[in-house]
> 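Here you go, one structure.
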Amino acid sequence: MLKLIHAGHAYVCFYSEERIAKINSSMIAKKSASEYDKKFKELNPEESIKRMQNENSVVRLIMPNDGHLLVQDLIKGKLKFDYNLIEDPIIIKSDGFPTYHFANVIDDHGMEISHVIRGEEWLPSLPKHIHLYNCFGWSLPEFAHLPLLLNQDKSKLSKRQGDVAVEDYIEKGYLKEALINFVALLGWHESNNQEFYNLEELKDTFSLSRVQNSGAVFDVQKLNWLNQHYIKELESEKIIELSKKYISSDWTVTPAMIDLIKEKLFKISDLSEELLPFFSRPTISNKNLLDKYPDSDINQIVFMMVQSLEGLQDIKKEIFNDIMRNIASKTNCKGKNLWQPIRLIITGQEHGPDLVSFISIIGIKECIQRLSNAL
């Protein structure tokens with residue numbers, strides 16, 4: 001900072017307590033402050049630095065009065081900025097701390113950053129940052145300004161319309177592999193139609209040259225689709241391990257249960273709802289069944305099913321199909337008039353996983369109990 005002041009690239013502006021309060025409370029005063037502060041440019045640098053020790057002050061960077069800046073952005077292409085439209089930015093605040101403009105450039109130079117990659121909302125700050133590099137005589141990094149992430153209505157992605165933090169999505173049960181894959185495809189794509197990428201593939205194929213110039217819509221449906229794919233790829237034991245924060249500690253979940261419902265999971269947090277039929281008996285009443293399936297002989301179907309299952313230790317698909325065919329022939333109920341009520345009574349759902357596999361998991365005894373409850 002002192003180097004810039006001595007070289008005539010920055011100047012100190014002094015403020016009374018009253019003026020600071022006025023600026024902090026008024027946007028108009030804030031906007032006019034830059035024009036007011038130009039009078040301090042003529043102060044002697046040594047005198048200004050001495051006064052800083054005892055007076056309220058800020059330090060401003062001196063921007064060129066005329067001319068323009070041309071810069072090549074890796075995504076936006078050639079950009080032009082008119083200097084006469086840019087005010088002198090504050091680089092040191094009245095509390096002595098640097099502003100983002102100053103700290104950003106100093107840190108990037110100190111860490112030998114070769115590429116500055118950030119959102120396009122920072123484009124108005126670019127000429128200030130480049131001018132600061134030039135004032136210090138430092139080499140410029142490459143700049144790449146990424147397009148904004150947008151909501152479905154094309155407004156800027158913000159907390160007002162949903163979650164924006166990665167932690168929020170992790171908490172909801174999205175896998176990190178799916179999130180990385182999804183974010184990589186926001187505004188970028190290879191020349192082919194590949195949709196699924198692991199981190200190593202992205203390292204090999206990602207390039208700024210294929211990042212689109214316009215904003216990218218944050219499509220949660222696509223994120224769900226990608227996450228579903230990665231969940232399917234997991235071993236059931238791993239899903240059980242990940243599920244513990246989402247399900248009851250009283251449940252003993254088995255790989256067979258996960259195998260049966262894995263295809264339906266969009267998020268790990270969906271497990272609580274999808275596993276519920278294994279641990280909770282349906283509460284649909286006999287009257288509701290009769291009202292819901294008026295063309296089915298509900299009580300006769302259920303009675304025959306209980307009789308058929310009693311004495312069995314286990315159930316196989318061939319045996320179950322024989323039972324259903326026998327009931328169909330004796331009750332004259334077929335298709336959905338037979339299968340839907342049975343499935344609803346046993347699982348609490350009209351549609352769901354393979355019924356025979358479900359019965360095998362909960363056991364014949366539990367299945368008979370659920371059927372009996374419907375009577």
Side-chain angles (χ1 to χ4, degrees), residues 27 30-31 34 61 63-64 67-91 98-136 138-169 179-191 195 197 202-203 205-223 226:
M27 286 303 297
K30 224 173 249 186
K31 289 178 181 178
S34 175
L61 179 69
M63 297 297 295
H68 57 263
L69 170 70
L70 292 176
V71 60
Q72 187 72 26
D73 188 271
L74 294 176
I75 294 172
K76 300 295 181 181
K78 185 178 287 187
L79 300 172
K80 180 180 178 180
F81 299 91
D82 291 328
Y83 280 127
N84 62 357
L85 300 177
I86 305 170
E87 64 180 27
D88 294 344
I90 294 174
I91 57 175
T99 61
Y100 170 80
H101 299 305
F102 192 60
N104 165 262
V105 170
I106 300 297
D107 286 350
D108 283 355
H109 175 74
M111 293 186 290
E112 299 181 357
I113 297 299
S114 63
H115 290 70
V116 174
I117 304 172
R118 57 192 179 188
E120 64 181 22
E121 64 266 36
W122 288 105
L123 275 173
S125 300
L126 183 58
K128 301 172 186 177
H129 297 168
I130 289 178
H131 183 59
L132 194 48
Y133 274 101
N134 292 337
C135 287
F136 280 116
W138 295 338
S139 298
L140 293 174
E142 298 271 16
F143 290 95
H145 287 81
L146 300 169
L148 295 176
L149 298 185
L150 307 175
N151 295 303
Q152 290 291 335
D153 62 2
K154 303 301 176 67
S155 61
K156 182 182 175 182
L157 190 69
S158 68
K159 283 188 175 183
R160 290 192 301 274
Q161 296 199 37
D163 296 319
V164 296
V166 171
E167 292 85 353
D168 295 332
Y169 288 91
L179 287 167
I180 291 170
N181 195 157
F182 175 70
V183 171
L185 296 177
L186 286 173
W188 172 86
H189 215 293
E190 259 194 296
S191 56
E195 294 282 3
Y197 292 86
L202 286 170
K203 287 179 183 178
T205 59
F206 185 86
S207 66
L208 289 171
S209 63
R210 291 196 62 83
V211 174
Q212 68 186 33
N213 207 346
S214 57
V217 174
F218 193 99
D219 185 354
V220 175
Q221 296 304 316
K222 182 165 186 178
L223 174 57
L226 286 168

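Every heavy atom of this structure was used, including side-chain atoms; hydrogens, water molecules and symmetry mates were not. Since the model is a prediction, treat every value here as computed from it, not as a measurement.
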> Distance from Ile86 atom CD1 to Leu69 atom CG, nearest 0.5 Å?
7.5 Å

> For residues Lys156 and Asn151, report the shortest heavy-atom separation together with the two atoms involved.
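Taking Lys156 first and Asn151 second, the nearest heavy atoms are O-ND2, 3.0 Å.
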
> Out of curiosity, Ile117 CD1 to Phe143 CZ, how far, rounded to the nearest 0.5 Å?
11.5 Å

> Mark yes when over 12 heavy atoms from residues, nucleotides or ligands other than Gln72 sit less than 6.0 Å from its CD; otherwise mark no.
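Buried by this count: over 12 neighbours within 6.0 Å.
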
> Quick one: sort the Trp138 and His109 rings into parallel, tilted or perpendicular, breaks at 30° and 60°.
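Taking His109 first and then Trp138, their aromatic rings lie parallel (interplane angle under 30°).
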
> Measuring only between side-chain heavy atoms, which start at C-beta, is Lys128 closer than 4.5 Å to Asn104?
no

> Using only atom types and a distance under 3.5 Å, with no angle test, would you say the side chain of Asp82 pairs donor to acceptor with the backbone of His68?
no

> Got Lys222 and Leu185 here, is their nearest side-chain heavy-atom distance under 4.5 Å?
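Yes. Closest side-chain heavy atoms under 4.5 Å.
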
> Please name the pair of heavy atoms, one in Ile90 and one in Thr99, separated by the smallest distance, quoted to 0.1 Å.
O-OG1, 2.9 Å

> Can you check side chain to side chain contact (heavy atoms under 4.5 Å, CB included) on Val116 and His129, steps first, answer last?
CA-CA 11 Å; Val116 174; His129 297 168; over 6 Å; no

> CG of Asn213 to NZ of Lys76: how many Å apart, nearest 0.5 Å?
4.0 Å

> Between Ser214 and Pro147, which heavy-atom pair has the shortest distance, and what is it?
O-CB, 3.0 Å

> Looking at side-chain heavy atoms only, is the closest gap between Phe102 and Leu61 below 4.5 Å?
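The answer is no; the side chains never approach within 4.5 Å.
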
> Would you say Val71 and Leu140 make side-chain contact, with heavy atoms under 4.5 Å?
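They are not in side-chain contact.
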
> Report yes if some heavy atom in the side chain of Trp188 is under 4.5 Å from a heavy atom in the side chain of Thr205; otherwise report no.
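In contact.
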
> Contact between Leu223 and Leu179 at the side-chain level, heavy atoms closer than 4.5 Å - yes or no?
yes

> Parallel, tilted or perpendicular: which fits the ring planes of Trp122 and His101, with parallel below 30° and perpendicular above 60°?
perpendicular

> Which atom names give the shortest non-hydrogen contact between Ile113 and Pro141, and what distance separates them?
O-CB, 3.5 Å

> If you look at every heavy atom in Tyr133 and Ser139, which pair is closest and at what distance?
CD2-O, 3.7 Å

> Specify whether Phe218 and Phe182 have parallel, tilted or perpendicular ring planes, treating 30° as the upper limit for parallel and 60° as the lower limit for perpendicular.
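Rings of Phe218 and Phe182: perpendicular, as their planes differ by over 60°.
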
> Considering all heavy atoms of both residues, which atom of Pro124 and which atom of Glu121 are nearest to each other, and what is their separation?
CD-O, 3.4 Å

> When rounded to the nearest 0.5 angstrom, what distance separates CG in Leu132 from CD1 in Ile130?
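That separation rounds to 11.0 Å.
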
> Does Asp73 use its side chain to pair, donor to acceptor, with the backbone of His145 at less than 3.5 Å?
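Yes, Asp73 side chain to His145 backbone: donor-acceptor pair under 3.5 Å.
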
> Are the side chain of Arg210 and the backbone of His189 linked by a donor-acceptor contact shorter than 3.5 Å?
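Indeed, once roles are kept as given, a pair shorter than 3.5 Å links the two residues.
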
> To the closest 0.5 Å, what do you measure between OH (Tyr100) and CD1 (Ile91)?
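CD1 of Ile91 is found 15.0 Å from OH of Tyr100.
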
> Rounded at 0.5 Å granularity, tell me how far CG in Leu202 sits from CG in Asn181.
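It is 6.5 Å, given to the nearest 0.5 Å.
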
> Treating Asp88 as the side-chain partner and Met63 as the backbone partner, does any N or O pair qualify as donor plus acceptor under 3.5 Å?
yes

> Are Leu74 and His115 packed together at the side-chain level, in the sense that at least one heavy-atom pair is separated by less than 4.5 angstrom?
yes

